[in-house]
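Notes follow the structure.
Small disclaimer: the values here were computed from a predicted structure and weren't measured.
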Amino acid sequence: MFRYLWRHKAFSAVLLFLLGISWYLQPVTAWIALALLLFLRLTKVHSVLLIYDLTDRTALRHVRTLATKRAHMLSPDEYGNVSEEAWDKHLNSFIKKTLVPEFQRKKVEHLLAKDSKRSIARLRTRINRIIDRHQPAEPTVEFEDTMTGREFELYCREVLQEGGWRAALTPGSGDQGADIIAEKEDRRVVIQCKFYNGTVGNKAVQEAYAAAAFQDAPYAVVVTNSVFTKSAHQLAHKNGVLLMHHTDLPRLELIVTSGAGSR
């Protein structure tokens, strides 16, 4: 009981205040505090707090996968458009398949039935906030639209190094398409950098896949300042190549840890 109240400090503050002053005033104050505890335990308030607590703890257990899914589903399409519909559907599925069983075990799932759309929307908002709190820090290196291709490679390397990766540029010849080889702990990632004004197509995916095989790396990545074509997304999904916008580079470790980009 106290664990749930502690996560909602307004309730905790009131209860601690009442219990504290009861030592100096009269016992009736302590009885009021205990009555409030009983009220919270036996009413909807306690159940709502329990739902929020279960949501927080479950989302934290899966925060890596959730962050990866959100980064992919909220990435722009080949026209630069971002749609939140797919992400909302994924969160609805996560709530239904992962959260609701937790609520059922605690016998509080009935609270979602009265106004299910509104309740699920609130849970989606709460999960998104948890993901936001566990995002890596923004890189200090600045991106410029006037970069050359080589300067973009240097920029990507610096972002990776800030994230704790051992990242090195390849010499440019005999690398079979790899621009950067990044290593961290037991992970080895081959990255191809594409600084484009237009869309990035299948060729980049094919080159990244071949470069990873040549470099004996389990992870293949194409990173760009632009967007990928639909066919590039399809080919990448088929061959286990990860397609990324350069703003997602600080999350590379989180993404590959979840299994994305593994050939």
* Asked: Are a donor atom and an acceptor atom from the side chains of T224 and S226 found within less than 3.5 Å of each other?
  -> no
G163 backbone acceptor or donor facing K184 side chain under 3.5 Å = yes
For K194 and E207, the nearest pair of non-hydrogen atoms, with its separation, is NZ-OE1, 3.6 Å
So, do L99 and I127 sit near enough that their side-chain heavy atoms are less than 4.5 Å apart?
-> yes
Exercise. Decide if atom CD of E84 counts as having more than 12 heavy atoms of other residues, nucleotides or ligands within a radius under 6.0 Å.
Key: no
Checklist line | Test side-chain contact (heavy atoms from CB on, under 4.5 Å) applied to K89 and E85, step by step | finding: CA-CA 6 Å; K89 286 182 178 178; E85 183 178 355; 3.4 Å; yes
Output for pair (R124 CZ, H90 NE2), nearest 0.5 Å, gives 12.5 Å
query = With under 30° as parallel and over 60° as perpendicular, where do the rings of F152 and F195 fit, or are they tilted in between?
reply = tilted
Would you check, one step at a time, whether the test side-chain contact (heavy atoms from CB on, under 4.5 Å) holds for I191 with L252? CA-CA 11 Å; I191 301 171; L252 180 61; 4.2 Å; yes
CZ of F94 to OG1 of T55, rounded to nearest 0.5 Å, is 8.5 Å
Value for CD (Q206) from CD (Q192), rounded to nearest 0.5 Å, stands at 10.5 Å
query = So, do Q161 and R157 sit near enough that their side-chain heavy atoms are less than 4.5 Å apart?
reply = yes
Practice prompt. I would like to know whether H233 and K230 meet side-chain contact (heavy atoms from CB on, under 4.5 Å); could you show each step before the answer?
Written response: CA-CA 5 Å; H233 278 286; K230 182 178 180 180; 5.7 Å; no
_With a 3.5 Å distance limit and no angle check, can you tell me whether H245 reaches the backbone of N225 through a side-chain donor-acceptor pair?_
yes
| query | So, is the end of the R126 side chain (NZ or CZ) under 6.0 Å from the ring centre of Y52 and within 45° of the ring's axis? | reply | yes
Nearest heavy-atom approach of T170 to A178 is OG1-O, 2.6 Å
Of all heavy-atom pairs linking R70 and N128, the shortest is NH1-OD1, 3.2 Å
Next on the checklist: I'd like to know if the side chain of D179 and the backbone of E153 have a donor-acceptor N/O pair within less than 3.5 Å.
Outcome noted: no
What one should report as the nearest heavy-atom pair of P250 and T247 is CD-O, 3.4 Å
Which of L60, L66, T58 passes side chain to side chain contact (heavy atoms under 4.5 Å, CB included) with I130? It is L60
(Q) Using modelled atom types and a 3.5 Å cut-off, is there a donor and acceptor pairing between side-chain atoms of R188 and backbone atoms of Q215? (A) yes
Query - Side chain to side chain, Y219 and L242, heavy atoms closer than 4.5 Å - result: no
Here the gap from C193 atom SG to L169 atom CG, rounded to the nearest 0.5 Å, amounts to 7.5 Å
Less than 4.5 Å apart, any side-chain heavy atom of K96 and any of I120? no
With V189 as partner, the option from I180, V221, I181 fulfilling side chain to side chain contact (heavy atoms under 4.5 Å, CB included) is V221
For R61 and E102, the nearest pair of non-hydrogen atoms, with its separation, is NH2-OE2, 3.7 Å
Quick check: are there more than 12 heavy atoms from other residues, nucleotides or ligands sitting under 6.0 Å from CZ of R129? no
Of all heavy-atom pairs linking V241 and A208, the shortest is CG1-CB, 4.2 Å
Full working for side-chain contact (heavy atoms from CB on, under 4.5 Å) between V159 and H246:
CA-CA 9 Å; V159 171; H246 71 87; over 6 Å; no
Checking V222, V205, T199 against F228 for side chain to side chain contact (heavy atoms under 4.5 Å, CB included), the one that qualifies is V222
Margin query: Tell me whether L249 shares a hydrophobic cluster with V190, the cluster being built from Ile, Leu, Val, Met, Phe, Trp, Tyr side chains joined at under 4.5 Å.
Written below: no
field: CG/D145: more than 12 non-hydrogen atoms of other groups inside 6.0 Å
entry: no
Are the side chain of T125 and the backbone N or O of A121 linked by a donor-acceptor pair below 3.5 Å? yes
